[in-house]
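These notes concern the structure reproduced below.
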Amino acid sequence: SKTAYVRTKPHLNIGTMGHVDHGKTTLTAAITKVLAERGTGTFVPFDRIDRAPEEAARGITINIAHVEYETDTRHYAHVDMPGHADYVKNMVTGAAQLDGAILVVSALDGIMPQTAEHVLLARQVGVDHIVVALNKADGTDDAELVDLVELEVRDLLTAQGYPGDSVPVVRVSGLRALAGDPRWTASVEALLDAVDTYVPMPERYLDAPFLLPVENVLTITGRGTVVTGAIERGVVRVGDRVDVLGADVRTVVTGLETFGKPMQEAQAGDNVALLLRGVARDAVRRGHVVAAPGSVVPARRFSARVYVLAGREGGRTTPVATGYRPQFYIRTADVVGDVDLGPVGVARPGETVEMTVELGREVPLEPGLGFAVREGGRTVGAGTVIAVG
Ligand code: GDP
Ligand code: MG
């Protein structure tokens, strides 16, 4: 039988973010390699992260890869996204629940549009701690060039409300560390030390009623339907009754696992799989929410404060008006909504505005909840719920 999960160190969720091809996946693989050599992790090669074959084998497209590892002081779940759109869906909507992020910037290329967008959206959804990996530092001997890139990244962070002057910036080479080059292995260790010391243990809402946004649904032959995701708040135990909002299902949790290890109890911040009693595979979908019975009320209507991305941030170049119908990414849900901009009636790119939204279907909502606004496959806004109803 499988070994049970034993909680010996505090658990945090982190992830790599940054422009495509700046080396996020390579660095993720390198981190697992360095820690495997230290004996506190298992090496996960590049191909396994980039293609997530376990999920592919089950015929499910899940564009998110989780790896787990430990440093001397902490247990981490680390997410790496293959593409920009996946980043937006999973991280920006809060599905990945990042306690901190590693911003990967190629020292050869400097900040690029997705670098800026990820920082902006991380700020919007409350990722308060960013550590910078200036990657591909093996590719140049021009220290002044790398200094300039570092300055540019610090300025970008400051402009978005991060303490750009004091954020740790570590020059690394994921590729050379992966190859076992001691100089660059040391650079990845330095990066991990920076994450350990700079990203604080977040406050976990353990006393709040249990809530888990469903990221994925799987069938385990002979056992039933399993939902996976990161627990947003509260604690869940095997045998607990839960509601599946969106599916209108009441059920009981009959099994719990984290990274393939069974557990009796899981808590806010944990990435888990929940086995649900008597629930049909097609009754539950990504975007649904599993919660303690009666603890949340789904709604269609809410008011929000929304930042409309400027064109140079990858957003729209033209204003939006009342009657606009974009997609709202709320937790893991993707729902169309009608926008009412009130007496002002329009919102220009680069502005922060208040709006009322009428969603196409009910989802659990509450003040303070962050979301992304998307249109034609790109992010055009980032917002926060002010009031429901
Ligand atoms: P991602 O899109 O951000 O996940 O980037 P990848 O990890 O897929 O890397 C993109 C390309 O950059 C690949 O060809 C890598 O081999 C290369 N690369 C990644 N890290 C480094 C590095 O540290 N140094 C150099 N020279 N190349 C790297
Ligand atoms: Mg990648």
Side-chain angles (χ1 to χ4, degrees), residues 14-35 37 43-56 61-67 69 77-92 95-96 98 100-122 127 130-143 145-147 149-150 153 156 168-192 194-195 314 377-379:
I14 60 166
T16 31
M17 59 182 200
H19 197 75
V20 62
D21 281 346
H22 281 200
K24 299 179 292 296
T25 305
T26 306
L27 181 62
T28 301
I31 289 172
T32 65
K33 178 144 195 275
V34 165
L35 291 176
E37 270 151 27
F43 174 48
V44 188
F46 182 95
D47 283 353
R48 262 210 50 207
I49 300 169
D50 221 31
R51 296 201 199 108
E54 280 171 49
E55 275 71 28
T61 316
I62 120 166
N63 293 323
I64 184 168
H66 275 99
V67 299
Y69 48 77
H78 172 132
V79 293
D80 182 58
M81 255 59 75
H84 181 61
D86 308 303
Y87 174 89
V88 172
K89 276 196 188 178
N90 296 295
M91 260 151 91
V92 165
L98 295 186
I102 299 173
L103 178 65
V104 181
V105 182
S106 162
L108 311 178
D109 303 300
I111 60 175
M112 298 290 273
Q114 291 167 9
T115 319
E117 191 180 351
H118 291 187
V119 170
L120 172 95
L121 295 168
V127 177
I130 290 179
V131 172
V132 178
L134 275 191
N135 193 34
K136 309 197 185 186
D138 63 290
T140 176
D141 290 326
D142 188 347
L145 172 94
V146 185
D147 287 346
V149 172
E150 175 169 339
V153 180
L156 169 74
V169 176
V170 186
R171 297 174 188 204
V172 302
S173 169
L175 195 65
R176 297 301 308 152
L178 207 46
D181 181 332
R183 170 175 172 199
W184 297 110
T185 299
S187 77
V188 170
E189 294 198 329
L191 177 71
L192 288 165
V195 173
R378 67 200 166 119
T379 306

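In each ligand, atom 1 is the first atom listed, and ligand 1 is the first ligand listed. Numbering of residues begins at 1 and proceeds along the displayed sequence.
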*Protein N/O/S atoms under 2.8 Å of the Mg ion (ligand 2)?*
T25 OG1
*Of the non-hydrogen atoms in S173 and S187, which two are nearest, and what is the gap between them?*
N-OG, 3.6 Å
*Nearest heavy-atom neighbours spanning V188 and A177*: CG2-CB, 3.6 Å
*Determine the minimum heavy-atom distance between L108 and T140, stating which atoms define it.*
CD2-CG2, 3.7 Å
*The single option from V104, V105, D147 passing side chain to side chain contact (heavy atoms under 4.5 Å, CB included) against L134*: V105
*salt bridge (Lys or Arg N to Asp or Glu O under 4.0 Å) pairs, two or more places apart, involving residues 131-141*: none
*Might you list the protein residues in contact with ligand 1, defined as having a heavy atom under 4.0 Å from one of its atoms, sorted by chain and number?*
H19, V20, D21, H22, G23, K24, T25, T26, F46, N135, K136, D138, S173, G174, L175
_I111 side chain near V119 side chain, heavy-atom distance below 4.5 Å_ = no
*Please identify each residue that fulfils side-chain contact (heavy atoms from CB on, under 4.5 Å) with Q114, with sequence neighbours left out.*
H19, V20, H84, H118
_To check you understand the geometry: which heavy-atom pair defines the closest contact between G110 and H22, and what is its length?_
O-CE1, 3.2 Å
*Passing candidate, side chain to side chain contact (heavy atoms under 4.5 Å, CB included) with K24, options N135, L103, T16*: T16
